[in-house]
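Order of the sequence lines sets the chain letters (A, B, ...), proteins ahead of strands, with each chain counted from 1. These figures come from a predicted structure and were not determined experimentally.
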Protein chains: 2
Amino acid sequence: MATRRIETMEKNRAALIAAARKAFAEKGYAAASMDDLTAAAGLTRGALYHNFGDKRGLFAAVVSQIDTEMATRAKDIGAREATGWNALLAEAEAYIEMALNPEVRRIVLLDGPAVLGDPSQWPSQDTCLQVTLTAVEQLIAEGVMKPVDPEAAARLLSGAALNAALWIAASEDPPAVLPRAVDTFRHLATGLLADPT
Amino acid sequence: MATRRIETMEKNRAALIAAARKAFAEKGYAAASMDDLTAAAGLTRGALYHNFGDKRGLFAAVVSQIDTEMATRAKDIGAREATGWNALLAEAEAYIEMALNPEVRRIVLLDGPAVLGDPSQWPSQDTCLQVTLTAVEQLIAEGVMKPVDPEAAARLLSGAALNAALWIAASEDPPAVLPRAVDTFRHLATGLLADPT
DNA sequence: ATTTTCACATACGCTGCGTATTTCGATTGA
DNA sequence: TCAATCGAAATACGCAGCGTATGTGAAAAT
């Protein structure tokens, strides 16, 4: 029973994405060679252009995969908290910590915007932002947060968090800097509370 | 009286930076051709590699120029305010508005991090961040702001502001979205006030 | 006046993307 | 079972663009 066509195709797609993820993370988007990358996956550029259209398409697929993983993880961590507000804080802190991963930093934070444009219009929809937005909308509805613009609040919070992550990662001693950033983030976020305690 | 060597060299450097600024803004870093760019400046790639080393070096020079302009403008705007706190807010809002300029957005916000890495370690030192940091340090010393980590606060504030700008610019009706972002930013920032009123 | 310097131009090679064409195994139908 | 078809991936090709090595001519130095 020969392996089915669709099976192998999906396997090849997955292999390409995996190899691309590694190459983009290690060398950056521009320096990642498609020839090397596909060869590492046991394929050629032919498979790549057939499946993803072009280099950018492959990159978008990689970003989408990472974005999904990040959003899932953040949601899980947020779900452990008792209150919606603590969940929002926990999610934001989770993003900061995830951004310490070199893969996330290089692909999503540095190359992502340059290659795909503003995150809010990524093909992957930027699931991370959606998660934050949902949490914010609910907190505003509950009266926990001030009645600010939900989209603006979500953008500002995630922007602050991810930017903090870049700073931490670039610092000499990330583990030492992390708590400073997280602490400051908590203070900042209270500015959006209806009744800061 | 033949034109002096240093004179023409400086003129050429300026011409290259000007042409590069235009090309990088219009086409993005990757798509900007050095041949076209130098020709537009009435020179060849020879001048470029002699003056800036490589494409990245020229880009760094452009970023530095824009960064300086932005910081100067922000400081000016901040200086008009009566209190340090209002100055900080005004500076942040100025950054948001400046980031609506396509040139700033494409070069500094999108391509900058991808090409030069995290802004805090740019050759230009990221003067914008320095301005914010200085303001924050003073406000903490005066007791206006909570005694948080100044560097963290500056990074979070500027990160939130610049990210908001990206969002605004990508939206369909930027002028309408701008006040929503600015308003939310003001609320958020109060989280760092020692005595929120 | 001759030599030296150096800012820039010219010429070259190499890498790497994208496309057009080809191949060959898998699928389908009789 | 075999022939016909399909299409996923391989192969071959062209071209753009970066960086470097070398050349050149005008300003500076002696």
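- By the 6.0 Å and 45° rule, A:Lys55 stacks over the aromatic ring of A:Tyr29.
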A:Asp118 vs A:Arg155, salt bridge (Lys or Arg N to Asp or Glu O under 4.0 Å): CA-CA, chis, key distance, verdict: CA-CA 12 Å; A:Asp118 180 72; A:Arg155 290 289 305 213; 3.2 Å; yes
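- Residue A:Ile140 comes nearest to A:Pro147 through the heavy atom pair CG2-CA, 3.9 Å, listed as atom of the first residue, atom of the second, then distance.
- Nucleotide C:dA26 holds its P atom 11 Å from the NZ atom of A:Lys11, rounded to whole Å.
- For the pair B:Ala90 and B:Glu81, the tightest heavy-atom approach, listed with the atom from each and the gap, is CB-CG, 3.7 Å.
- The distance from atom CZ of A:Phe59 to atom P of C:dC17 is 14 Å, rounded to the nearest whole Å.
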Summary of protein contacts for nucleotides 5-18 of chain D, nucleotide by nucleotide, where a base hit scores B, a sugar-phosphate-only hit scores S (4.0 Å, heavy atoms): -BBBSBB-----SB
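- The distance between atom CZ of A:Phe52 and atom C1' of C:dC17, rounded to the nearest whole Å, is 17 Å.
- When all heavy atoms of A:Glu93 and A:Val182 are compared, the pair lying nearest together is CD-CG1, 3.4 Å.
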